[in-house]
Every structure is written in structure tokens, then in C-alpha cells.
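Quick notes on the structure that follows.
Because only heavy atoms are used, hydrogens play no part in the values below, and waters and symmetry mates are left out as well, while side chains stay in.
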Amino acid sequence: MSNTALLQIKDVHVEVEGKEVVKGVTLDIGKGEVHALMGKNGSGKSSLSNAIMGHPSYAITSGDVLLDGKSILEMAPDERSIAGLFLAFQYPQAVPGVTVANFLRSALLARRGDEKLMRTFRKELYAAMDALEVDHEFAGRYLNDGFSGGEKKRIEILQLSLLQPKLALLDETDSGLDIDALKTVSEGINRYSSDENGILLVTHYQRILDYVKPTKVHVMIAGKIVKSGGPEIALELEKSGYETFQSTPVTVGA
Amino acid sequence: MSNIKIDKTILKQVTALPKVADNADSPDWMTSIQAGARERYQSQELPDRTLHLWRYTDPSLFLYSDGADAQQNGASSKTVSTTASTIEPGVSPAYDTAKEQLAAGELAVVALDDADGALDIQLTPAAKDAGLVALPLCEAGAKYQKIIERHLSKAVGAEFGKFEALNATLWENGIFIYAPDNTVIAEPIHLLRRGSASSRWTFPRTLIVAGENSRLTVVDEYYSANDTVSDNSNAVVEVFGLTGSEVEYVVLQRNNAHTISHFTERTTLADNAKTTLVAASFGGKTHKANLGTIMQGRHTNSLQYGLVFGSDKQSFDHHTEHINRGAHGYSNLDFKIVLKDKSHSAYTGLIRVDENIANCEAYQSNRNLLLNRGAKAESIPELEILCDEVICTHGATVGPIDEMQVFYFLSRGIPRNEAVKMIVRGHVEPTLKLLPESMQPRVRGYVDERLETL
């Protein structure tokens, strides 16, 4: 790992409607690393992901977040995206009237900035859809409108594979997936994962970690990371539950 | 009540009105209907503003003026200019674009109504061969007396309301579209109505009869004479879908920013008839439209879609009705409204199911998107269900663009301005897709024009 991690989360505090939900998280994710952030509902995992992406309801009240050594806190969400951040949503928005293809085309155009570079778009799109076993018919469907939970998650990973961000925040991408879909989506994540990018995988369960192997695992309880370590922590969680970590002294960072 | 005073002025004007403007072809029986309508008009007071359909728009805006005495005529005087007397070519880009499409063969059967000129109806050979009848209403009155007598003023007659009575008295350049039994007219029939450049009120009237088991699409477009003159209009459209017929009726309103318009449409469906109505309103200073389907027969199907995009200080007032009078009827309505600047919209939507009507389904949805704080929308769904065997839902939303949707776009690198445009386009796209393919790019262009200055 280089001296500067790809994503540096430095003592970040997050508030939602005046209530502090993330209470000082520090985490570094280097290139080629997959970090799993595990915790119960309401532990602050999704709040942290949303705040990093710049969600207007999640305010970072103190601390800093750096991508490639540069603070992103003053950037608008679209600037963060162009800079290389990506958030796969737990509950992706439905946008009736906007097709999947149109949405993705606009996202790619925002990066490439030139219509000429969009000539191969359809080819790229269909190749990415084939890899995720997404029917081409979805290209013409309205974004997440009437999609099942599993379909929505596949479309999130389809976006990940096309946009190729530097750092992907995957917020409970495994929820709502049956075992076959979980495998397909995990394969998509693994295809994306490389020595040039990093992943923060937010999840409740160990099961996705059978397919997407984390380099590090963090346990988050009540807005704080209480334990960090290797993949064995996820197995321990699966065996004993989150209760065993409740009284563990805070171990900050990785 | 101050209305009475205004009404007296109108009474005086109506007494002097011609029977039918510039139409020597009008048969006696038709002019006698108009004479009856004139009496009806004279006997009615202006609608009371406490009546729910008139809460949002001042009825005195629709009082008739021939231009000469406009200055004494209250609200309408503000909208009337008497300067232009001829239509200058090329000054109504919207109308010209539509005409160019016709010339290029992208559109099919047409009726061109330059209000200051003669009605010009052109049928393609294919439409003629298929059996379509498209004629000036007066001329058709002699040739198709039986069918016209059976339908003219039967859905929107003089008793409908004061301004409908005014149209029934003064209509001109009327158009009769008739698909005889078992005919299928594949190409959309385009009616291009242009206002009067001499700033008088115009009274377009259209009668559409879809014969038994026939199928046709009519696109009815309304334009101002040019972009500067306020050429106000009071239009009435009656559509009759006979047994087993399928009619698609599209009305596109693209008046200029000075124009005041009043529009009433009713479709009546016989057994097993189907209709799709698409109403797209973009233009005008004040536009009041009353659209409805009377589901008279059994097993009827009526779909109504609306699309309104207001800007500046435009005022829109749309009312829709689905009246279920036959068993096993299905109706669905989806009315979408986008407002920016200080524009205003009122939408009222009625579903009525009469007594002892079995197995009806009726759905209604009105969604209003406000693009800035100055824009205002009101939505009033109304249900009058007088029987038990009904599945009925209605819903209305009024609000700004969903910031969560915007955030989703931003998170993919799409800038806010583009995100908002895409979401608005998405809001109206499902309705645009219902338009005949040949006119979709043009109407998308109207939406984009409005989005340019966001």
C-alpha cells in the first residue's frame, strides 16, 4: 500500500436531523483493498456511506474525508462522483420516465465530456449487462421503476462496472438478494475489484463475504468502530452475534 | 352581483351576432340549432365563482368581444389588440413547424384552419381509400345530415354552460371527421387550428364520429396567429365512439403568451368502445379546459392523459371527468403538471359511477411538479360513487422535485441542472410516448424549450 490511502476517513462525526449517528470513525482504505463494515441496523454504517457521498440529510460535523489525499468535504456529490467515489445504494431511487440506458449514458457522458466518446456506449452497456445476467430489455426500462429488490441491486452493480470508480461504497448490496443473485452480484463486484481501486462493503451478514473476500473487517456499534481485523472477525460475528462486541473497547482505525 | 352588469353587455353583443360566420353552406336545421343556442346563451348568467369549477378562473375573461368594442369589455379588453389584420407568414413558428411536417409527408390527413382564411382540408389518398370523411361541418350538414343531427351538440350543447352556448352560437370553421363503420384509418388525422390575427375571438368546433368497429386517431392542435397578438378562442370538441370503435384524440395547445382560451371536450362511448385522450397544454396566458368521457355503453374503456407545462405567469385550469353509466367500464386517468416561475395550475378531476352499475373500475392520478417557489398547483380529486361494485382509486401529489432522486443522479456525476431536466423529462415522458410517433420529437422540443431557462 502506498503512503497515502485511497480513501482516508479521519475522525468523522455525522449528524442526521441534529442527532449524532456516527461518533468519530477513522478508517483508511488502500488500493486493492476490500473493507467490510459490519454492524446491526442503526449502527451508523449507512449514515457513514451516505455522508461520504454527500447526501444532503447527512452532515459531517467534524473530521475529514480524503480521496487520493484530497479532502472531498467541500465538493458537491456530483464532483465527488467525478473524482472517483461511488455509492451503491441500499434503496436505489425509482425514476419513472428515465430509462436505465439514458441514465447511464448521462453518467458516462459527465465523465467523458464528449459525445464522440459515447459511440461505443451501447456495446459497453450490453457487455456489462451480459456479465451481470441482466436482460438487455432493462436498458429501455425506467430506472428502478417496478424493479424487484434483486433487480435494483444488479442495476447498482451494473453502474459500478460501467463507471469504474476509484472507491466504491457498497451499502448493503447483498440485502434482498436470493442466493443465485448474490453470487452473480458478488462476481460483478469481484470483476470490478482491482489493484487500482478500493471497496467499502457495508453489510449485516457474513454471507456475501463468502464470495467477496475482504482484506479487513470492521465492526460498528452505536456510531463507532469497536473492532477491526481480518476476515476472521466476520466469522466470529456469524457465530456469536454482535452482542460479544458490545463491551469490547474501541479499536480505532485499521 | 357585478356579474349581472357584465352579462348585460354580452346580451347586447349576442343579439347582434351572425348565425354562422362566413358559412353560406350551413343548412337551415343547423342554423336553427345555433339560434336556440343563442337564446340559451342569453338566458344564462355568468358562472358563479363559488361553483367549484369556477373557483380558479375568472369567467369574465371568456366574455366575447369582436375587438371593436373591446375597450369597454372588462377583462377581455386587456388581451385584445386591434392592430394586425393579416397573418404574417413565418411569425407563428409552432404552427409553421407543424405545417412543414405536413408538407414533408410526416403527417397524414390534415385540416388547416387559418381563422382569417378558408378552411383547407386535405386527405391523403390512403385515408380517402379507407373511407374517411373529413369536411367542413356546414358542408357536411347537408351530405351527412342524419349522422350529424344525431350527434352535433349532443355531448356539448348549449345547455352545457354559458361559454359552450356561446360556441354553439358562434362556431365557425367547424370540422366533421367521420370514420364509417368498420373503417380503420391508420394515419393520424391532424387538425391545425390557428387563431385570428385580427384579434377577434374565434370559435372552433369539431365533431368526430367513429362508426361501429372503426378505428382512428385525431390530433387537434391549437395555435395563435402569431407570437404577438392575443387571439382568444372558445373551442368545443365532441367525440362519439360508436359500438366497438377505438378513438384516440390528442389535443395540443400551443397558443402564444397573450392568448386566453376556453376548451370543452366530451367523448361519448357506446358498448365495447374504447378511447384514449391525451391533452397537452403549453401555451396561453389563461387556459381553461374541461375534458371528459361519458361511458354510456357496457364494457367501455377510457384512458385520459394530461400534460401541462406552465411558465412565467401562465394560468391553467383543467377539469376532467369520467362518467360511468354502463356496466363493466374501465377508466384510468393520469394527469401530469409541471410548473415553473410564477405559473399556476388548478386541476379538478371527477369520477362518477351512476347507480346500479356493475363491475366498474376507475382510477385517477394527478401529479404536480413545482420547479420553484413561485409556482402554485391545486389538485382536487372528486369521487361520486353511487353503487357498490366498484374498484376506484385516486391520488394527487403536489411538490418540488424529489431531492433524493436528484441526489441519486448527483452520485453518478450528473450535474444538478442536468439531473433536474432529466427528472422533469422523465415525469412527462410516459405521456409523450402516447402521442403519435411523428409528433413526439416536436412536443419533446416544447418541453425542452421550457427547461432551457431553468
Residue, of A/A107, A/A110, A/P165, A/A76, that accumulates the most heavy atom pairs under 4.5 Å with chain B: A/A107

Which atom of B/P430 lies closest to which atom of A/G97, heavy atoms considered: CD-CA, 4.1 Å

Pairwise distance CG(B/L410) to CG(A/L87) - rounded to 0.5 angstrom: 12.0 Å

Proximal component of A/L143, with respect to chain B [non-hydrogen, under 4.5 Å]: side chain

Across chain A and chain B, going purely by atom type as modelled, what donor-acceptor pairs are there at a distance under 3.5 Å?
{"from": "B/Q405", "atom 1": "NE2", "to": "A/A94", "atom 2": "O", "distance (Å)": "3.0"}
{"from": "B/Y408", "atom 1": "OH", "to": "A/N144", "atom 2": "ND2", "distance (Å)": "3.3"}
{"from": "B/Y408", "atom 1": "OH", "to": "A/E156", "atom 2": "OE2", "distance (Å)": "2.3"}
{"from": "B/Y408", "atom 1": "OH", "to": "A/Q159", "atom 2": "NE2", "distance (Å)": "3.1"}
{"from": "B/L410", "atom 1": "O", "to": "A/D78", "atom 2": "N", "distance (Å)": "3.4"}
{"from": "B/S411", "atom 1": "O", "to": "A/S81", "atom 2": "OG", "distance (Å)": "3.2"}
{"from": "B/R412", "atom 1": "O", "to": "A/R111", "atom 2": "NH1", "distance (Å)": "2.7"}
{"from": "B/R412", "atom 1": "NE", "to": "A/Q159", "atom 2": "OE1", "distance (Å)": "2.4"}
{"from": "B/R412", "atom 1": "NH1", "to": "A/L87", "atom 2": "O", "distance (Å)": "2.7"}
{"from": "B/R412", "atom 1": "NH2", "to": "A/L87", "atom 2": "O", "distance (Å)": "3.0"}
{"from": "B/R412", "atom 1": "NH2", "to": "A/E156", "atom 2": "OE1", "distance (Å)": "2.7"}
{"from": "B/R412", "atom 1": "NH2", "to": "A/Q159", "atom 2": "OE1", "distance (Å)": "3.4"}
{"from": "B/G413", "atom 1": "N", "to": "A/S81", "atom 2": "OG", "distance (Å)": "3.0"}

Side chain / backbone / both / neither for A/A83 at chain B, heavy atoms under 4.5 Å: neither

Flag if over 12 foreign heavy atoms under 6.0 Å of NZ, B/K340: yes

ring-ring contact (aromatic ring centres under 6.0 Å, His included) against B/H322, all qualifying residues, sequence neighbours excluded: none

Selection residues 61-87 of chain A - residue pairs positive for ring pair (Phe, Tyr, Trp, His ring centres under 6.0 Å), sequence neighbours left out: none

Neighbour count >12 (heavy atoms, 6.0 Å) for atom CZ, B/R215: no

Those residues that, when tested against B/H344, pass ring-ring contact (aromatic ring centres under 6.0 Å, His included) (two or more places apart): none

